[in-house]
Amino acid sequence: VMHAFRDTGDSVTELWGFIPDSLIGLLDDFRKNIATSDQSSIVPPGYGIDGPLQLFEIRTGSTGKRLLVFGMRRGGNDYYALDVTDVENPSLLWKIAGGSDAFPRLGQTWGTPRLTRLAMFGDTPLLIFPGGYDPLQDATTGGRQDDTTANAIYVVDALSGSRLASISSSGADLDIGDMRNAIAADLSLVDLDSNGTTDRIYAADTGGRIIRIDFNGDGSGMSGGVVADINDGDVAGNRRFFNRPVLAYMGDHLAITIGSGRRPYLFETGVSDRFYMIRDFDVWSAPVDSDSDGKPDYPHLTGPMLSDHTAGENATTENGWFLDLAHAGMDGSGNPVLAREKSVTKAVVYDGVVYFNTLSSSKEFKDVSCGPSATSVSSFFYAVDIETGNAAIAGFDGNAEVLDPVADRSRTMKTRAIPESPFVYTGYTRVPGDNGEDILVPLDVAPITPGIGEQAESRPNRYRAVYWESAIGD
């Protein structure tokens, strides 16, 4: 159930609740706490509304609507929009049903819909979202396997939910043949000229691919292709993306930063996950059509085309670098082991430094009946130079003030759970003004924190707005 509450400061009261129609038939099973026919592979009590919730305000002329838009994640394959313009009298605005004729490849709705506009649809307010997750991936072992659903991107009218465009491997408005795995992570939208219209999308799929979509500025259409495919195909190299690419403008290229890690299976230890910085040199327009086949030639980089900087900056290629995610540790018997890590939350780029968190976990099942399993969980906070992958901050690991290009890349966090994404605060502080009233002054440093309760790292705040006051006349 989705609940709406009113908080008056002195009391909290419920305004209303909403149950998606797809869950009504499961309520009795939830009450009895039994496995359901619809979710037989899910441990009871199953899932309900499990997806991200977004509040949008869309204005058309002098009027507007407030929309609550949410997906189901593990709870189903649908998106819902509620009109909450009158918050005490909400109404269902639309429902998008995964598997329907209009959305045949919409899987479990994991992704966050993004509100934007595209030149090809004028001023129509749009929502863009990924195809989600294919639950058949849960049973996938060994090397990479294609998905049967969720390998898509959809564009819909935000006010009606009507599909306006689709992108997938086949049978879509834009076909990209190598788009063969689910896109569970959020999309990264790029507005090159800051005019409020999306010019490009980057998407990362559960097959280890980064996909780029370009929208023509004149509204004439779109093109797309695979920028990189870092999955080696075997067990150890079956790398998957469950967080969105984070981009940084570097002058002659865009730096695409992202880490791999199978988020639904955190105790899986057979995959050698990595963090990547991949350079995209076609900054301002789609790649050229060098083979005259009528389509832009996207680079389709693979792992061997990137430089391994795990042991320190290596002889670099222009395409980018990667770091193997692992820490030296001890097993339950005190033997030294290399504990593999996963990157399951998005990175943050600030002032030439990439900040990201990782998780290392393992589970040892006991042979004794009903005996508890032994688990081990550690998390790490990284800060690396975006160009080289080397450590960016001297003494970051807490051992010395001299910069060690490898050891100072990371430090251990307190949390023993999935770490959240790092957060950069470039805010203000209050200082007394000449007239006795407080004024807001930009901070001299920008605290970067890897999560609540963790040690923050303060960096010089070089990106500050400048304010002044001028006296005109008498």
Side-chain angles (χ1 to χ4, degrees), residues 105 114 116-122 126 128 130-131 144 146 151-155 163-181 183 185 187-205 207-231 233 241 244-258 276-307 316-321:
R105 298 198 180 187
R114 301 287 301 277
T116 188
R117 286 180 168 80
L118 297 176
M120 58 195 299
F121 297 114
L126 308 171
I128 302 180
R144 180 170 66 185
D146 293 349
N151 57 329
I153 296 172
Y154 288 104
V155 181
R163 192 193 82 183
L164 299 180
S166 62
I167 305 163
S168 190
S169 58
S170 62
D173 298 298
L174 173 62
D175 291 342
I176 302 174
D178 288 323
M179 202 168 160
R180 300 198 299 268
N181 282 103
I183 303 176
L187 305 174
S188 293
L189 276 56
V190 179
D191 180 0
L192 293 169
D193 51 7
S194 300
N195 66 348
T197 298
T198 293
D199 301 299
R200 186 179 307 162
I201 293 174
Y202 288 89
D205 72 16
R209 302 177 189 87
I210 296 175
I211 301 156
R212 170 176 160 172
I213 311 298
D214 291 280
F215 299 98
N216 299 340
D218 59 4
S220 59
M222 54 185 171
S223 61
V226 174
V227 173
D229 181 355
I230 52 79
N231 191 302
F241 292 132
R244 70 174 180 88
V246 173
L247 311 171
Y249 173 63
M250 305 300 292
D252 66 339
H253 67 275
L254 289 179
I256 305 170
T257 65
I258 190 170
Y276 295 87
M277 190 284 286
I278 299 168
R279 294 186 175 96
D280 187 350
F281 289 96
D282 295 296
V283 177
W284 302 109
S285 61
V288 298
D289 176 16
S290 58
D291 57 6
S292 302
D293 66 350
K295 301 178 182 178
D297 295 326
Y298 290 86
H300 207 125
L301 302 174
T302 59
M305 300 168 70
L306 305 172
S307 297
T316 187
T317 70
E318 69 172 10
N319 298 321
W321 51 260

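As the structure is a prediction and not an experimental result, all values here were calculated from the model.
- Applying the side chain to side chain donor-acceptor pair (under 3.5 Å) test to pairs two or more places apart or on separate chains, those with a residue in residues 285-295 are S290-D297.
- Heavy atoms only, all atoms of each residue included: R244 and S188 are closest at NH1-OG, 3.1 Å.
- Annotation: side-chain contact (heavy atoms from CB on, under 4.5 Å) contacts of F281 (sequence neighbours excluded): D252, H253, R279, E318.
- Residues that satisfy the salt bridge (Lys or Arg N to Asp or Glu O under 4.0 Å) test with D199, not counting sequence neighbours, are absent from this structure.
- Nearest heavy atom pair, residue V283 against residue G251, reads CG2-O, 4.5 Å.
- In terms of the side-chain hydrogen bond (donor to acceptor under 3.5 Å, both in side chains) criterion, residue partners of R200 (sequence neighbours excluded) are, by chain and number, Y202, D214.
- In terms of the salt bridge (Lys or Arg N to Asp or Glu O under 4.0 Å) criterion, D173 has no residue partners (sequence neighbours excluded).
- Take N216 and apply the side-chain hydrogen bond (donor to acceptor under 3.5 Å, both in side chains) test, not counting sequence neighbours, and it matches S220.
- When all heavy atoms of A204 and I183 are compared, the pair lying nearest together is O-CG2, 3.6 Å.
- Using a 4.5 Å cut-off on side-chain heavy atoms (C-beta onward), T257 and Y276 make no contact.
- Listed for the D175 side chain is no donor-acceptor partner under 3.5 Å among the backbone atoms of G177.
- A 4.5 Å side-chain heavy-atom check between I153 and L174 finds every atom pair outside the cut-off.
- Taking D178 as the reference, R180 meet the salt bridge (Lys or Arg N to Asp or Glu O under 4.0 Å) condition, with sequence neighbours excluded.
- I128 CD1 to I213 CD1: the interatomic distance, rounded to the nearest 0.5 Å, is 10.0 Å.
- Heavy-atom minimum distance, A255 versus M277: CB-SD, 3.8 Å.
- For the side-chain contact (heavy atoms from CB on, under 4.5 Å) test, residues two or more places apart in sequence or in another chain that qualify with P296 are S223, A286, P287, Y298.
- Residues N181 and N151 form no side-chain contact, since every pair of their non-hydrogen atoms from C-beta on lies 4.5 Å or further apart.
- In this structure, D146 CG and M179 CE are separated by 13.0 Å, a value rounded to the nearest 0.5 Å.
- In this structure, the side chains of T198 and D191 stay at 4.5 Å or more apart for every pair of heavy atoms.
- Between atom CD1 of residue I210 and atom CD1 of residue I258 there is a gap of 5.0 Å, rounded to the nearest 0.5 Å.
- Scanning both residues, I176 and G224, for their nearest heavy atoms gives CD1-C, 3.6 Å.
- Residues satisfying the side-chain hydrogen bond (donor to acceptor under 3.5 Å, both in side chains) test with T197, not counting sequence neighbours, are none.
- In this structure, CG in L254 is found 12.5 Å from CD1 in I278, a value given to the nearest 0.5 Å.
- In terms of the side-chain contact (heavy atoms from CB on, under 4.5 Å) criterion, residue partners of A152 (sequence neighbours excluded) are, by chain and number, R105, Y154, S168.
- Interatomic distance, I211 CD1 to I167 CD1, rounded to the nearest 0.5 Å: 9.5 Å.
- Atom CZ of residue R212 and atom CD1 of residue I201 lie 12.0 Å apart, to the nearest 0.5 angstrom.
- Looking at residues two or more places apart in sequence or on another chain, you find a side-chain contact (heavy atoms from CB on, under 4.5 Å) between T302 and P304, M305.
- Taking the side-chain hydrogen bond (donor to acceptor under 3.5 Å, both in side chains) definition, one finds that D205 meets it with R209, sequence neighbours left out.
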